[in-house]
2 protein chains.
Amino acid sequence: MATGRTHRPATRSRGIPEATVARLPLYLRALTALSERSVPTVSSEELAAAAGVNSAKLRKDFSYLGSYGTRGVGYDVEYLVYQISRELGLTQDWPVVIVGIGNLGAALANYGGFASRGFRVAALIDADPAMAGKPVAGIPVQHSDDLEKIIEDNGVSIGVIATPAGAAQPVCDRLVAAGVTSILNFAPTVLSVPDGVDVRKVDLSIELQILAFHEQRKAGEESAAGDGAHPAAAARKEAADQGPDGDIPAVMPA
Amino acid sequence: MATGRTHRPATRSRGIPEATVARLPLYLRALTALSERSVPTVSSEELAAAAGVNSAKLRKDFSYLGSYGTRGVGYDVEYLVYQISRELGLTQDWPVVIVGIGNLGAALANYGGFASRGFRVAALIDADPAMAGKPVAGIPVQHSDDLEKIIEDNGVSIGVIATPAGAAQPVCDRLVAAGVTSILNFAPTVLSVPDGVDVRKVDLSIELQILAFHEQRKAGEESAAGDGAHPAAAARKEAADQGPDGDIPAVMPA
DNA sequence: CCATCTTTGTGCACGCGTTCACAAAGACAT
DNA sequence: ATGTCTTTGTGAACGCGTGCACAAAGATGG
């Protein structure tokens, strides 16, 4: 799954921890902003602050990529942008298909963050014949009958599923059969895929539920004796519960 | 500094690990599906398979909530649904505001997964005067001038930010000042908030970048290792099994 | 060339989360 | 009751990720 090689000696330098990989896009974003302001170099301290992480963590992360910094000076912004981009595979073109052009699919198609980072929306696919031909974000929607052909013709290896839950697994199966080996799933379902296929999921309601958990705990902080306390007006105490920083994508493999 | 977990002297099961909290919604979803099929009980093995996790992990997770299972039988579905819902705080009503009604904001407003789990979209807010009054998902969009009043009138403690990156921090500041203590951020920015406020983020392009990393490495390994076997020939395997593959953690405050 | 100052890179220890493996607990049959 | 069988609940080991703290590296100035 996320790390498909269980039986691989991991040629040393390739052994970048998952947690580090998950932070690289964060660093890249901060670095890109610096680059646009023509800042030549940054210290680990500054960059860490911009990315919202601990500076020691950032240095350790970069150490897995190599020694790209200069002691006493910091990191060369442009060089680091290139190195991280290359490591993430963003120097090449990644054609992506989005399946399920509802509200969310349309939002994704319009999302600028894709194109700006090497991802190209090669096609939009929907099962509704009424959608066919209709342009969304400047791209005509194609019918799902042609899914396999679209995947093949465009050499797509990454698919985004934004269909209703019920359609997700069948769509997933077809994508995989057609050659897709990485899937970003927005449908609230556990997808089952063959070995060697990566699945990451984003579940909007799960995120809210996690927030609700912490919110509830904040509200019921000091009520130990009386169970039927009033969480209404009270609760504003020192609800300090979480660190302000710390970062992990709200997503998990599979 | 952060880790205020020392707060509770291990009084009872209040010390639920973050990783466990992040999985509770997953279990809840699987249990809800079982409940709808009128399944009375499930074993940890079955439920784990449905939720895509390891059964030992599931049992340990549940052990933090209490001893809700019956040895030799399994867990009572309805009872567990209630217990998890209560633990997550879903038995109460959570009014939510969505700020930034673009494509994504509209998709979120239409997302059914919210209402079905105790979340109520109390208001939609946008800075564009042309949007004001226009109904999205049956709810009229309100102008951001009234943000503070809306938060207060509805007793909102959870806010969703779906604005462009540049507007995110100012909006966040206003939400927090108005009383919001939990924020779900879809804007590609690091939000800075005072202590006691939870922020979770969902960054769509980051997810794709992580997939690209693994995709790139898959491609590189094939050519380097001279992989003769056809990946497609491999036996179908559950993506989210316990296997040797490592699930990456994935939960954290932002 | 030497001293000083800044910042990186990392050894190390700690804590969290995962997994194994098994004893305890209950259901059920006899 | 007693025994067998199933499944939970958890003690313990392990591995990963995090953060501290410092030595090494290089820049800079005299």
Side-chain angles (χ1 to χ4, degrees), chain A residues 1-3 6 10 13 15-24 27 40-49 51-77 79-80 83 242-243 245-249 252-254, chain B residues 1-6 10 13 15-24 27 40-49 51-77 79-80 83 240-253:
Chain A
M1 58 189 318
T3 55
T6 321
S13 64
I16 301 178
E18 271 302 308
T20 295
V21 172
R23 280 188 294 268
L24 290 182
Y27 301 144
T41 61
V42 273
S43 67
S44 62
E45 204 69 49
E46 294 169 315
L47 185 54
V53 303
N54 178 301
S55 71
K57 194 188 293 185
L58 178 142
R59 289 198 298 275
K60 180 146 291 191
D61 282 343
F62 286 175
S63 77
Y64 292 117
L65 307 184
S67 286
Y68 295 148
T70 304
R71 300 182 189 223
V73 177
Y75 299 90
D76 181 281
V77 173
Y79 187 58
L80 206 46
Q83 289 297 343
Q242 291 303 150
D245 47 16
D247 250 303
I248 279 199
M252 32 204 298
Chain B
M1 50 190 102
T3 335
R5 202 60 74 198
T6 334
S13 60
I16 302 179
E18 272 301 307
T20 295
V21 172
R23 281 189 293 267
L24 290 182
Y27 302 144
T41 61
V42 274
S43 67
S44 62
E45 204 70 48
E46 293 169 316
L47 184 55
V53 301
N54 179 299
S55 70
K57 194 188 294 184
L58 179 143
R59 287 198 300 276
K60 179 142 287 190
D61 282 343
F62 285 175
S63 78
Y64 293 118
L65 307 184
S67 286
Y68 295 149
T70 304
R71 301 183 189 219
V73 176
Y75 299 91
D76 182 281
V77 173
Y79 186 58
L80 205 47
Q83 289 299 343
D241 63 3
Q242 65 285 55
D245 310 10
D247 277 44
I248 72 167
V251 185
M252 289 251 301

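Since this is a predicted model, take the numbers as computed values, not measurements. Sequence lines set the chain letters: A, B, ... in the order given, protein chains first and strands last, and positions in each chain run from 1.
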Heavy atoms from C-beta onward define the side chain here; which of [options] lies closest to that of [X]?
| X | options | value |
| --- | --- | --- |
| Asn54(B) | dC20(C), dT8(C), dT18(D) | dC20(C) |
| Ser43(A) | dG9(C), dT7(C), dG19(D) | dT7(C) |
| Val73(A) | dT18(D), dT19(C), dA27(D) | dA27(D) |
| Arg59(B) | dT10(C), dG9(D), dT18(D) | dG9(D) |

Which residue, Pro17(B) or Ser44(A), contacts DNA chain C at a nucleotide closer to its 5' end, judged by nearest heavy atom?
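By nearest-heavy-atom nucleotide position, the 5'-most residue is Ser44(A).
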What is the separation between atom [atom1] on [X] and atom [atom2] on [N], rounded to the nearest whole Å?
| X | N | atom1 | atom2 | answer |
| --- | --- | --- | --- | --- |
| Leu80(B) | dT8(D) | CG | P | 11 Å |
| Lys57(A) | dC16(C) | NZ | P | 14 Å |
| Arg23(B) | dC16(C) | CZ | P | 15 Å |
| Ile16(A) | dG17(D) | CD1 | P | 12 Å |
| Leu58(A) | dG17(D) | CG | C1' | 15 Å |
| Tyr27(B) | dT8(D) | OH | P | 13 Å |
| Asp61(B) | dC16(C) | CG | P | 16 Å |
| Glu18(B) | dG17(D) | CD | P | 18 Å |

Could you report the tightest heavy-atom contact between Ser55(B) and Ala48(B), atom names first, then the distance?
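Nearest heavy atoms, Ser55(B) then Ala48(B): CA-CB, 3.5 Å.
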Over all atoms of both residues, closest heavy-atom pair of Glu46(B) and Ser43(B):
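That closest heavy-atom pairing would be OE1-N, 3.0 Å.
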When we call it a touch if two heavy atoms are under 4.0 Å apart, what does Phe62(A) touch: a base, just sugar-phosphate, or nothing?
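Nothing, no nucleic acid heavy atom in range.
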Using only side-chain N and O atoms of Tyr64(A), determine if any of them is under 4.0 Å from OP1 or OP2 of dC16(D).
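Checking Tyr64(A) against dC16(D): no side-chain N or O falls below 4.0 Å of OP1 or OP2.
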On a plain distance test, is the side chain of Lys60(A) in donor-acceptor contact with the base of dG19(D) below 3.5 Å?
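Per atom types, the contact qualifies.
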Looking at dT8(C), does its base get a donor-acceptor pair with the side chain of Arg71(A) below 3.5 Å?
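Answer yes: a donor N or O sits under 3.5 Å from an acceptor.
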Reported CG-to-OG1 distance for the pair Leu80(A) and Thr41(A), which is rounded to 0.5 angstrom:
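Answer rounded to 0.5 Å: 11.0 Å.
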Interatomic distance, Tyr27(A) atom OH to Leu47(A) atom CG [nearest 0.5 angstrom]
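Rounded to the nearest 0.5 Å, the OH-CG separation comes to 8.0 Å.
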Candidates Tyr79(B), Tyr75(B), Phe62(B) - the one meeting ring pair (Phe, Tyr, Trp, His ring centres under 6.0 Å) with Tyr68(B):
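The single option meeting the ring pair (Phe, Tyr, Trp, His ring centres under 6.0 Å) with Tyr68(B) is Tyr79(B).
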Residue closer to the 5' end of DNA chain D, Thr20(A) versus Ala56(B) (nearest nucleotide):
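Between the two, 5'-proximity favours Ala56(B).
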